[in-house]
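Worksheet: the structure to be examined is printed underneath.
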Amino acid sequence: MSPRKAAGRPPHPTKKPKAGGSKKGAAPLRQSPGAAVEKAAPVSGAQLEADVAVLVRDLGAMIDAARKQVAVTANAALTGLYWQIGQRVHTEVLEGRRAAYGAQIVSAAGRQLEARYGRGFGEKSLRHMIRFARAFPSAEIVSALRRQLSWSHLKQLIYMEDELKRTFYAEMCRMEGWSTRVLAERIDGMLFERTALSKKPEALIRKGLAALRERGEPSPALVFRDPYMLDFLELADTYSEKDLESAILREIERFLLELGAGFAFVERQKRITLDGDDYYLDLLFFHRRMQRLVAIELKIGDFKPADSGQMELYLRWLDRHERQPFERAPLGIILCAGKKRETVEYLDLDARGIHVAEYLTELPPREVLEERLHRAIEAARNRLVFGAGIDAVIDVAPTRTATVKRKGRKK
């Protein structure tokens with residue numbers, strides 16, 4: 001007998017009985033460690049709905065983003081096509097031919113294209129495209145605009161006769177992302193005519209618009225307006241500066257819209273202490289694109305030269321105590337019920353970073369406002385061209401010397 005048998009050890013290992021009475025040769029089932037837990041704690045209906053909602057939300061966002069990208073790409077492609085069509089018809093059909101004959105060609109081509117490709121390429125649409133090519137003859141500018149402006153935007157712009165006005169609205173619409181409705185409101189509200197830039201000589205207007213197009217940097221002359229339309233404040237016939245301030249804060253959202261894109265409200269009645277005297281700045285804003293604090297003083301009467309000294313004092317204090325290292329010099333707006341333009345001109349307030357503007361609490365008829373603005377633009381341009389010269393400054397920081405016109409506690 002071998003030693004192994006002598007020790008009483010069985011010659012083969014003992015077989016364990018099969019669990020569950022499984023048939024011979026069947027492999028045992030293997031379960032993950034968490035399987036029993038999952039079976040023991042099934043997911044509730046509320047949890048399932050929550051998980052589905054999160055997944056649908058995330059996938060929906062992906063779908064919406066893709067659709068938006070497709071729409072932007074399609075719009076850019078179509079707008080480019082419309083310009084190319086308009087450019088070809090304009091240069092090869094209408095230029096150098098008799099007007100009547102060219103019109104016959106466009107009309108006949110429009111009927112055939114409409115029958116083949118739909119109303120979007122009919123005679124009326126062809127004439128929009130021709131106007132598009134005439135209004136924006138530069139392929140480079142069109143390439144920049146078509147990525148951010150829709151064909152509906154462009155159709156509002158191409159029928160503007162004034163090239164500078166058309167360029168202004170195109171660039172502001174592109175920079176601030178206006179909808180077609182907002183663009184129509186800005187045009188109807190004569191925004192261009194109300195900007196300080198519109199009152200500059202043509203060379204300076206082109207310079208300001210070029211800077212906006214190339215670097216996206218709006219100058220104060222592009223941002224500031226005159227007059228400001230504050231009819232939404234619904235002030236009574238008689239009111240105080242405090243009433244005006246309170247109404248502005250009550251309607252702060254609409255006031256910000258009237259100021260223009262980029263303004264953020266910072267503080268009201270900003271206290272400024274000098275030599276133990278307290279002064280109070282009516283409203284303080286910050287303009288994100290210009291990276292500047294903008295102080296606003298409210299006057300219920302006409303502008304007075306002493307008002308500029310008061311504002312200059314505020315700007316010096318803000319420049320020294322509130323301005324951050326990344327910011328540019330603060331600017332000031334004096335909002336008044338009226339002003340004498342010759343007085344404002346002699347003070348040379350642009351060089352001191354101060355803008356004087358009127359506000360209107362009741363809107364005059366559009367014809368009256370339009371005539372008034374055009375008269376102001378013409379007068380301002382004549383003064384600059386024949387007086388200050390073509391090199392008038394658009395955007396300069398305040399100087400370091402100031403004469404304090406008013407002391408003591410304000411208000």
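All values reported here derive from a predicted model rather than from experimental measurement. Side-chain atoms are counted along with the backbone in the values below, which use heavy atoms only and exclude waters and symmetry mates. The first residue in the sequence is number 1, and the count goes up from there.
Pairs of residues two or more places apart, or lying in two chains, that qualify as ring pair (Phe, Tyr, Trp, His ring centres under 6.0 Å) and include a residue from residues 181-208 are F168-F192. Residue pairs meeting the salt bridge (Lys or Arg N to Asp or Glu O under 4.0 Å) criterion with at least one member in residues 151-164, sequence neighbours excluded, are R131-E161, E163-R206. Residue pairs that meet the ring pair (Phe, Tyr, Trp, His ring centres under 6.0 Å) test with at least one member in residues 320-369, sequence neighbours left out, are F224-H355, W317-H321.
A pairwise comparison of heavy atoms in L235 and A247 identifies CD2-CB, 3.8 Å as the closest pair. Closest approach of L315 and A295 over heavy atoms only: CD2-CB, 4.3 Å.
A ring-centre distance under 6.0 Å is not found for F136 and W83.
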Take F121 and I85, measure what side-chain contact (heavy atoms from CB on, under 4.5 Å) needs, and give me the verdict at the end.
CA-CA 10 Å; F121 295 92; I85 291 174; 4.0 Å; yes
- Task: Go through the steps to decide whether R194 and S198 satisfy the test side-chain hydrogen bond (donor to acceptor under 3.5 Å, both in side chains), and finish with yes or no.
- Result: CA-CA 7 Å; R194 293 192 291 125; S198 68; over 6 Å; no
Check your understanding: Passes side-chain hydrogen bond (donor to acceptor under 3.5 Å, both in side chains), H128 versus Y159? Steps please.
Key -> CA-CA 9 Å; H128 289 322; Y159 289 97; 2.8 Å; yes
**OP:** List the steps and the verdict of salt bridge (charged side-chain N to carboxylate O under 4.0 Å, His left out) for E245 and K242.
**Re:** CA-CA 5 Å; E245 179 186 321; K242 187 173 181 61; 5.7 Å; no
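Partner of I334 under the side-chain contact (heavy atoms from CB on, under 4.5 Å) criterion, chosen from I296, D307, L349: D307.
Atom CD of Q291 sits in a crowded spot, with more than 12 heavy atoms from other residues, nucleotides or ligands closer than 6.0 Å. The number of heavy-atom neighbours closer than 6.0 Å to CD of E370, taken from other residues, nucleotides and ligands shown, is above 12. Within 6.0 Å of CZ on R366 lie more than 12 heavy atoms contributed by other residues, nucleotides or ligands. Other residues, nucleotides and ligands contribute only 12 or fewer heavy atoms inside 6.0 Å of the OH atom of Y117.
Salt-bridge check for R254 with E258: failed, with every basic side-chain N at 4.0 Å or more from each acidic carboxylate O. Salt bridge E176/R186: absent, no basic N to carboxylate O contact under 4.0 Å. Between D226 and K339 there is a salt bridge, with a side-chain nitrogen of the basic residue lying less than 4.0 Å from a carboxylate oxygen of the acidic one.
How far CE of M172 is from CG of L183: 11.0 Å, rounded to the nearest 0.5 Å. From E312, atom CD reaches atom CZ of R352 across 4.0 Å, with rounding to the nearest 0.5 Å. Atom CD of E362 and atom CD of E234 lie 11.0 Å apart (nearest 0.5 Å).
Judged as a side chain to side chain contact (heavy atoms under 4.5 Å, CB included), and not counting sequence neighbours, the contacts of L363 are M229, D231. With sequence neighbours excluded, no residue forms a salt bridge (Lys or Arg N to Asp or Glu O under 4.0 Å) with E114.
A donor and an acceptor atom, one from each side chain of D243 and S246, are nowhere located under 3.5 Å apart.
Note on ring orientation: taking the six-membered ring where Trp is involved, the planes of Y314 and Y279 are perpendicular (angle over 60°, cut-offs 30° and 60°).
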What donor-acceptor contacts under 3.5 angstrom involve side-chain atoms of residues 137-146, with partners at least two apart or in another chain?
| unit_1 | atom_1 | unit_2 | atom_2 | d |
| --- | --- | --- | --- | --- |
| S138 | OG | E140 | N | 3.4 |
| S138 | OG | I141 | N | 3.4 |
| R146 | NH1 | A76 | O | 2.6 |

